Amino acid sequence: MQVTEDFLANSSGGPTVLRILLGTQLRRLRQDKGISRHDAGYAIRASHAKISRMELGQVSFKRRDVDDLLQLYGVDDPEQREALLGLISSANAQGWWHKYGDVLPQWFGVYVGLEEAASMIRTFEVQFVPGLLQTQDYARAVINLSSTTRSEEDVTSRVDMRMHRQMRLHEPEAPRLWAVIDEGVLHRPYGDRETMRGQIEHLVEMNRRPNVTVQIATFDIGGHPAAGGPFSILRFPTPQLPDVVYLEQLSSALYFDKYEDTHRYAQTMDHLATQAPTPDRTEEILRPFLERYSD
């Protein structure tokens, strides 16, 4: 398999995307040769688990490892080899979020990198307002509940990082954000009345942005196919990258990029968006909650 011009032309979007692009290309090369992850790991003096993490773009790359794998996969063309090896430095670079490494779990750092490069983010939430739509006060109230928060300084750092993530929504080439929020989120107060009122006002304001859509899955729609809990689907402008589904857990996260998984979640999101009241009714649905938190 040759490295295409499209692959190189679209190898942008930050280090996380570059790692995934490089990992995806290595996986395709390995599969084309019918080589197992175990044998590939043996060739670079590592485990099959490390090969898996490399192919998913979850770890940094060593030039020696990539060089040995390319040799194993029969990539002899100097230009092709150098094109892939040349991505390593950029793929290993640190994104802006690494400065929050003292409060940022590694598993969430992967998500932030993906989010930074996504062209479309679809998310469903049942417990909180999605992080990209939280106000500073609401975010602080939510983060204060975390059992891993050690100090007020930690809380402030996490809030700052969350606000930094939101800056992408206001850039000239901002991603498309489509959020479906369960009505229960609006009934569950975080912080005082002023905090909740400000948060709901912010949802109204954000729903008016051309790149943001907010829907409320009201109780009266009954059951829905997303009963399993919150999830996010990220789509990228780079055609070599598959959609990624993100499921956050208490102290870890799951990432799915196989079509059979991402397609199932995309169908679920489509059903949710169809069942929930249309976005043009969101402000009408939020108005009574504004009044409630204004008392």
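All residue numbers in this chain count up from 1 along the given sequence. Keep in mind it's a predicted model, so treat the numbers as computed, not measured.
- Side-chain contact between Leu177 and Leu133 is present, with heavy atoms from C-beta onward closer than 4.5 Å.
- At a threshold of 4.5 Å between side-chain heavy atoms, the hydrophobic network of Ile, Leu, Val, Met, Phe, Trp and Tyr places Leu18 and Tyr111 in one connected group.
- Glu82 CD: more than 12 foreign heavy atoms inside a 6.0 Å radius.
- In summary, the side chains of Ser89 and Arg63 do not present any donor paired with an acceptor at a separation below 3.5 Å, with no hydrogens or angles considered.
- The side-chain heavy atoms of His202 and Gln136, taken from C-beta on, include no pair separated by under 4.5 Å.
- A single hydrophobic cluster is seen to contain both Val75 and Phe61, as judged by linkage of ILVMFWY side chains at heavy-atom distances under 4.5 Å, directly or through other members.
- Closest of all the heavy-atom pairs between Leu56 and Asp257 is CD2-OD2, 4.0 Å.
- Note on Leu114: it does not cluster hydrophobically with Trp178, by side-chain heavy-atom contacts below 4.5 Å among ILVMFWY residues.
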*Stepwise, does the side chain to side chain contact (heavy atoms under 4.5 Å, CB included) test hold for Val129 with Val142?*
CA-CA 10 Å; Val129 169; Val142 170; over 6 Å; no

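- Ring geometry, Trp96 versus Tyr100: the interplanar angle exceeds 60°, so the pair is classed perpendicular (tilted spans 30 to 60°).
- Summarising the local packing, CD of Gln31 is surrounded by more than 12 heavy atoms from other residues, nucleotides or ligands at distances under 6.0 Å.
- Taking each heavy atom of Asn211 and Ala174 in turn, the nearest pair found is ND2-CB, 3.4 Å.
- Atom CD in Glu116 sits 10.0 Å away from atom CZ in Arg165 (nearest 0.5 Å).
- Not counting sequence neighbours, His271 has no partner by the ring pair (Phe, Tyr, Trp, His ring centres under 6.0 Å) test.
- Judged by distance alone, the side chain of Gln199 and the main-chain N or O of Ala139 form no donor-acceptor pair under 3.5 Å.
- Two residues are said to be in side-chain contact when any heavy atoms from C-beta on lie closer than 4.5 Å; Leu186 and Arg292 fail this criterion.
- A donor-acceptor pair is defined here as one N or O able to donate and one able to accept, closer than 3.5 Å; such a pair exists between the side chain of Gln215 and the backbone of Pro277.
- With hydrophobic clusters built from ILVMFWY side chains whose heavy atoms lie under 4.5 angstrom apart, Val245 does not share a cluster with Tyr255.
- In this structure, Leu290 CG and Met196 CE are separated by 10.0 Å, a value rounded to the nearest 0.5 Å.
- Taking the six-membered ring for Trp and the full ring otherwise, Phe289 and His187 have centroids separated by under 6.0 Å.
- By the 4.0 Å N-to-carboxylate-O rule, Arg30 lies close enough to Glu55 to be salt-bridged with it.
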*Which is it for Tyr265 and Leu247 under the side chain to side chain contact (heavy atoms under 4.5 Å, CB included) test, yes or no, and what are the steps along the way?*
CA-CA 11 Å; Tyr265 277 95; Leu247 301 178; 3.3 Å; yes

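- When all heavy atoms are compared, the tightest approach of Glu283 to Val204 is CD-CG1, 3.6 Å.
- Within the 3.5 Å criterion, the main-chain N or O of Gly229 finds no donor-acceptor partner in the side chain of Gln127.
- Taking both residues in full, the closest heavy atoms of Ala118 and Leu234 are given as CB-CD2, 4.0 Å, listed atom of the first, atom of the second, then distance.
- Taking 4.5 Å as the limit, every side-chain heavy atom of Asp154 sits out of range of all side-chain heavy atoms of Ser157.
- In this structure, Asp39 and Leu72 approach most closely via the heavy-atom pair O-CD2, 4.3 Å.
- A donor-acceptor contact shorter than 3.5 Å links the side chain of Gln275 to the backbone of Gly223.
- A 4.5 Å side-chain heavy-atom check between Asp32 and Tyr73 finds every atom pair outside the cut-off.
- Arg176 places no side-chain N or O within 3.5 Å of a backbone atom of Met120 that could act as its donor or acceptor partner.
- When side chains are defined from C-beta on, Ile143 counts as touching Val159, because their heavy atoms get closer than 4.5 Å.
- For the atom pair Ser52 OG and His38 NE2, the distance stands at 14.5 Å (nearest 0.5 Å).
- A tilted orientation is assigned to the rings of Phe108 and Tyr246, their planes being inclined by 30° to 60°.
- Scanning both residues, Tyr190 and Leu145, for their nearest heavy atoms gives CE2-CD1, 3.4 Å.
- By the neighbour-count criterion of 12 heavy atoms within 6.0 Å, atom CD of Glu171 is densely surrounded, having more than that number from other residues, nucleotides or ligands.
- Between Lys258 and Arg264 the shortest side-chain heavy-atom distance does not fall below 4.5 Å.
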*Evaluate the criterion side chain to side chain contact (heavy atoms under 4.5 Å, CB included) for residue pair Leu203 and Ile181; output intermediate values, then yes/no.*
CA-CA 11 Å; Leu203 287 177; Ile181 304 172; 4.1 Å; yes

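- For the pair Leu70 and Leu85, the minimum side-chain heavy-atom distance is below 4.5 Å.
- Remark: Lys62 does not engage Asp68 in a salt bridge, criterion side-chain N to carboxylate O under 4.0 Å.
- Cluster annotation: Phe124 and Met206 are assigned to distinct hydrophobic clusters (Ile/Leu/Val/Met/Phe/Trp/Tyr, side-chain heavy-atom contacts under 4.5 Å, transitive).
- For Glu260, the CD atom sits in a packed shell: over 12 heavy atoms of surrounding residues, nucleotides or ligands are nearer than 6.0 Å.
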*Evaluate the criterion side chain to side chain contact (heavy atoms under 4.5 Å, CB included) for residue pair Leu21 and Thr24; output intermediate values, then yes/no.*
CA-CA 5 Å; Leu21 282 170; Thr24 298; 5.8 Å; no

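- Separating the CD1 atom in Ile44 from the CD atom in Gln71 is a distance of 13.0 Å, to the nearest 0.5 Å.
- The backbone N or O of Val155 sits nowhere less than 3.5 Å from a side-chain atom of Asn144 that would complete a donor-acceptor pair.
- How far CD1 of Ile88 is from CG of Asp67: 8.0 Å, rounded to the nearest 0.5 Å.
- Not a single donor-acceptor pair under 3.5 Å links the side chain of Ser90 to the backbone N or O of Leu87.
- Formation of a donor-acceptor pair under 3.5 Å by the Asp243 side chain with backbone atoms of Arg235 is not found in this model.
- In this structure, Glu205 does not pair ionically with Arg208, as no charged nitrogen and carboxylate oxygen lie closer than 4.0 Å.
- Checking side-chain atoms of Gln166 against main-chain N and O of Gly131 turns up a donor-acceptor pair under 3.5 Å.
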*Between Arg188 and Asp182, does a salt bridge (Lys or Arg N to Asp or Glu O under 4.0 Å) hold up when you go through it step by step?*
CA-CA 11 Å; Arg188 188 175 293 109; Asp182 188 86; over 6 Å; no

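- Annotation: the span from Arg140 atom CZ to Arg158 atom CZ amounts to 12.0 Å, rounded to 0.5 Å.
- Residue-environment remark: CZ (Arg64) stays at or below the threshold of 12 foreign heavy atoms within 6.0 Å.
- In the model, Thr135 has no side-chain atom that pairs as donor or acceptor with a side-chain atom of Asp137 under 3.5 Å.
- Side-chain atoms of Thr195 do not come within 3.5 Å of backbone N or O of Tyr138 as any donor-acceptor pair.
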